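Values in this document were obtained by computation on a predicted structure and should not be read as measured data.
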Amino acid sequence: MSPVDFASSEESREKRNDERLDLLHIDTMDPTVTSSWTLPRETFLRAALSLKDQVVEFTWRSIGKGGCGRPGSGVDTGVVEDPTAYSGLLGTAFTCLRSYEVTGDRKDLLLSSDIVDTCASIARASTRHVTFLCGRGGVYALGAVVANYTGDHDKRGFFLNLFLEVAEERALPVGPEEGGFGMSYDLLFGRAGFLWAALFINKYLGEETVSMDLLMPIVVAVLAGGRAGASNNTACPLMYRWHGTRYWGAAHGLAGILQVLLHFPLSKEDAEDVKGTLRYMMSNRFPHSGNYPSSEGNPRDKLVQWSHGATNMAITLSKASQVFTSEREFRDAATEAGEVVWKSGLVKKVGLADGVAGNAYAFLSLYRLTGESIYEERAKAFSSFLYHNATKLVNAQSGWHRAELVYSLFQGLAGIACLWFDLFSPVNSRFPGYEL
């Protein structure tokens, strides 16, 4: 697969994502009949294993790694441009771990371990970020989890110590009243992304592996930053800026930050601010489509994807419904956001960030929330389309500036493999790097 010319402007990206595919008119189909043509879960599992092998072959074996890049080994890792999960080699390690969790094949676990080792050997020098998806935090968090699975307690401790060194970044718990040290709050590059990495460790290794005494001051700083950002908007308790824009989406905005905050014990005041922010977003949907703006005051009803729009809100509102069980409005709004995703149909991209795979996860989240089979069938419908068309679409994709993105977790084929693994057991599905 060869990369094609990269169009960098936000306007051109929005235009491409707004175009709908004519290959399969899912948006006009009766959802009650999807089960008659979607693929069985065993087919998705076989396809996931095959696609995982392709991802490994291109991102790992073809560059001559083969498991030799252990931390401190002195191996030349210069050919690895990106060691992070979002668009780099760590996404391959994450996909192998997901394969192991579904199949129990220890070869995938050991492969994941080897890949993480190489990522760790270059992460300190190659990335300044501390987050799970785009920084060192993800490398060390995944390393600790994989080492725990393999039973290598020394290596688990090694990665945990590295993660705790990252936690000492002095900007993390600093609030806006102290200047904030310039660290953002978003999921991809900021404090929310570090908190997610800590939550990932605690899910697999135990709730206090990374202590709440360490994490809660960061949560407090995130809430304080949101209140400061919303100081001129009395209707919305929390608001954040990323490069000057008040984004609403998962990657850089409100949905992603709130998704993380919902996993922590919140005071009554903090919980009310989180709920109030969600209500503000719900009340400012586009009236005709029900979709969500990509940023505060943006009138363009264009994007329905994980990065921007109804997809991330379906997932975040599902989590809010599980946390605030007496607040029926969040459950209703989650299902309404899911309807927007379904009625919008298929977008031209395939990945988790802004493509069909990410949109399919909205239905899996709603399936876990409601137990209603229609959402599983909708996820299978989108996934069946990918089964038949993903490679063709990736080959035709405009926008690749690195061939590696074709196989990456959030923009390429590795994310599709994770989706297909999750379809084998939808009740255990989780959007990579977003759901726990």
Visitor: Donor-acceptor check, side chain of Asp108 to backbone of Leu97, threshold 3.5 angstrom: yes or no?
Guide: no

Visitor: Holding to ring-ring contact (aromatic ring centres under 6.0 Å, His included), I want the full list of residues that pass it with His129, two or more places apart in sequence or in another chain.
Guide: Phe189

Visitor: Do Ser50 and Asp53 meet the criterion of a side-chain donor-acceptor pair at a distance under 3.5 Å?
Guide: no

Visitor: If every non-hydrogen atom of Ala357 is compared with every non-hydrogen atom of Ile416, which pair is closest and at what distance?
Guide: CB-CG1, 4.1 Å

Visitor: Check for me whether the distance between the ring centres of His308 and Tyr292 falls short of 6.0 Å.
Guide: no

Visitor: Are there over 12 heavy-atom neighbours, none belonging to Glu42, within less than 6.0 Å of that residue's CD?
Guide: yes

Visitor: In terms of side-chain geometry, is the basic nitrogen of Asp422 or Arg98 positioned less than 4.0 Å from the acidic oxygen of its partner?
Guide: yes

Visitor: Got a salt bridge between Arg191 and Asp186, using NZ or NE/NH1/NH2 to carboxylate O under 4.0 Å?
Guide: no

Visitor: Classify the angle between the aromatic ring planes of Tyr361 and Phe431 as parallel (below 30°), tilted (30 to 60°) or perpendicular (above 60°).
Guide: tilted

Visitor: Decide, yes or no, whether a salt bridge links Arg136 with Glu165 under the criterion of side-chain N to carboxylate O below 4.0 Å.
Guide: no

Visitor: Taking Asn161 for the side chain and Gly157 for the main chain, is one N or O donor matched with an acceptor at less than 3.5 Å?
Guide: yes

Visitor: Can we say Lys348 and Asp354 salt-bridge, meaning some charged N sits less than 4.0 Å from an Asp/Glu carboxylate O?
Guide: no

Visitor: CG of Leu133 to CZ of Phe94: how many Å apart, nearest 0.5 Å?
Guide: 8.5 Å

Visitor: Would you give the length of the straight line joining atom OG1 of Thr118 to atom CG of Leu90, rounded to the nearest 0.5 angstrom?
Guide: 11.0 Å

Visitor: Out of curiosity, Phe363 CZ to Arg378 CZ, how far, rounded to the nearest 0.5 Å?
Guide: 6.0 Å

Visitor: With a 3.5 Å distance limit and no angle check, can you tell me whether Ser429 reaches the backbone of Pro426 through a side-chain donor-acceptor pair?
Guide: yes

Visitor: Identify the heavy atoms of Ser383 and Trp420 that sit nearest to each other, and give their distance.
Guide: O-NE1, 3.6 Å

Visitor: What pairs with Tyr86 under ring-ring contact (aromatic ring centres under 6.0 Å, His included), at least two apart in sequence or on another chain?
Guide: Phe410

Visitor: Hey, could you give me the CG/CG distance between Leu423 and Leu364, rounded to the nearest 0.5 Å?
Guide: 5.5 Å

Visitor: Have Thr245 and Ser295 got a donor and an acceptor in their side chains that come within less than 3.5 Å?
Guide: no

Visitor: For the atom pair OG1 (Thr103) and CG (Leu45), what is the distance rounded to the nearest 0.5 Å?
Guide: 7.5 Å

Visitor: Measure from the side-chain N and O atoms of Ser344 to the backbone N and O of Val341, and report whether any donor-acceptor pair falls under 3.5 Å.
Guide: no

Visitor: Under 3.5 Å, is there a donor-acceptor pair linking the side chains of Tyr367 and Glu377?
Guide: no

Visitor: Under a 3.5 Å cutoff, is there a donor and acceptor pairing between the side chains of Tyr247 and Glu296?
Guide: no

Visitor: For Lys319, is there an ion pair with Glu435 - N to carboxylate O distance below 4.0 angstrom?
Guide: no

Visitor: Would you check if the side chain of Arg430 reaches a backbone N or O of Leu436 as a donor-acceptor pair within less than 3.5 Å?
Guide: yes

Visitor: Go through the side-chain N and O atoms of Asp82 and Ser87 and say whether any donor and acceptor fall under 3.5 Å apart.
Guide: yes

Visitor: List the atom of Ser112, the atom of Cys96, and the distance in Å for their closest heavy-atom pair.
Guide: CB-CB, 3.9 Å

Visitor: Are any side-chain N or O atoms of Asn389 and backbone N or O atoms of Phe385, one a donor and one an acceptor, separated by less than 3.5 Å?
Guide: yes

Visitor: Can you tell whether the side chains of Glu376 and Lys380 come within less than 4.0 Å, N to carboxylate O?
Guide: yes

Visitor: Is it true that the side chains of Ser321 and Glu327 contain a donor and an acceptor less than 3.5 Å apart?
Guide: no

Visitor: Determine whether the aromatic ring centres of residues Tyr204 and Phe200 are separated by less than 6.0 angstrom.
Guide: yes

Visitor: Could you give the distance from CD1 (Ile201) to OH (Tyr140), rounded to the nearest 0.5 Å?
Guide: 11.5 Å

Visitor: Which heavy-atom pair separates Leu366 from Gly338 by the least distance, and what is that distance?
Guide: CD1-CA, 3.6 Å

Visitor: Looking just at side-chain N and O atoms, do Asp152 and Thr150 make a donor-acceptor pair shorter than 3.5 Å?
Guide: no

Visitor: Do the side-chain N and O atoms of Ser318 and Arg368 include a donor-acceptor pair separated by under 3.5 angstrom?
Guide: no

Visitor: Restricting to non-hydrogen atoms, name the atom on Ala314 and the atom on Ala362 that form the minimum distance, rounded to 0.1 Å.
Guide: CB-CB, 4.1 Å

Visitor: Can you label the angle between the Tyr387 ring and the Phe44 ring as parallel, tilted or perpendicular, going by 30° and 60°?
Guide: perpendicular

Visitor: Say whether, by atom type as modelled, one donor and one acceptor occur between the side chain of Thr277 and the main chain of Leu238 under 3.5 angstrom.
Guide: yes

Visitor: Would you please name every residue forming a side chain to side chain contact (heavy atoms under 4.5 Å, CB included) with Ala255, sequence neighbours left out?
Guide: Asn312, Met313, Thr316, Tyr434

Visitor: May I ask you to check if Lys52 and Phe421 form a cation-pi contact, with NZ or CZ under 6.0 angstrom from the six-membered ring centre and within 45° of the axis?
Guide: no

Visitor: Quick check: does any side chain N or O of Ser99 sit under 3.5 Å from a backbone N or O of Thr95, one acting as donor and the other as acceptor?
Guide: no

Visitor: How about NZ on Lys203, more than 12 heavy atoms from neighbouring residues, nucleotides or ligands closer than 6.0 Å, or not?
Guide: yes

Visitor: Of all the heavy-atom pairs spanning Val139 and Pro83, show the shortest one and how long it is.
Guide: CG2-O, 3.6 Å

Visitor: Does any N or O in the side chain of Asn291 come within less than 3.5 Å of the main-chain N or O of Lys302, such that one atom is a donor and the other an acceptor?
Guide: no

Visitor: Mark yes or no for whether Ser283, through its side chain, and Tyr280, through its backbone, hold a donor-acceptor pair below 3.5 Å.
Guide: yes

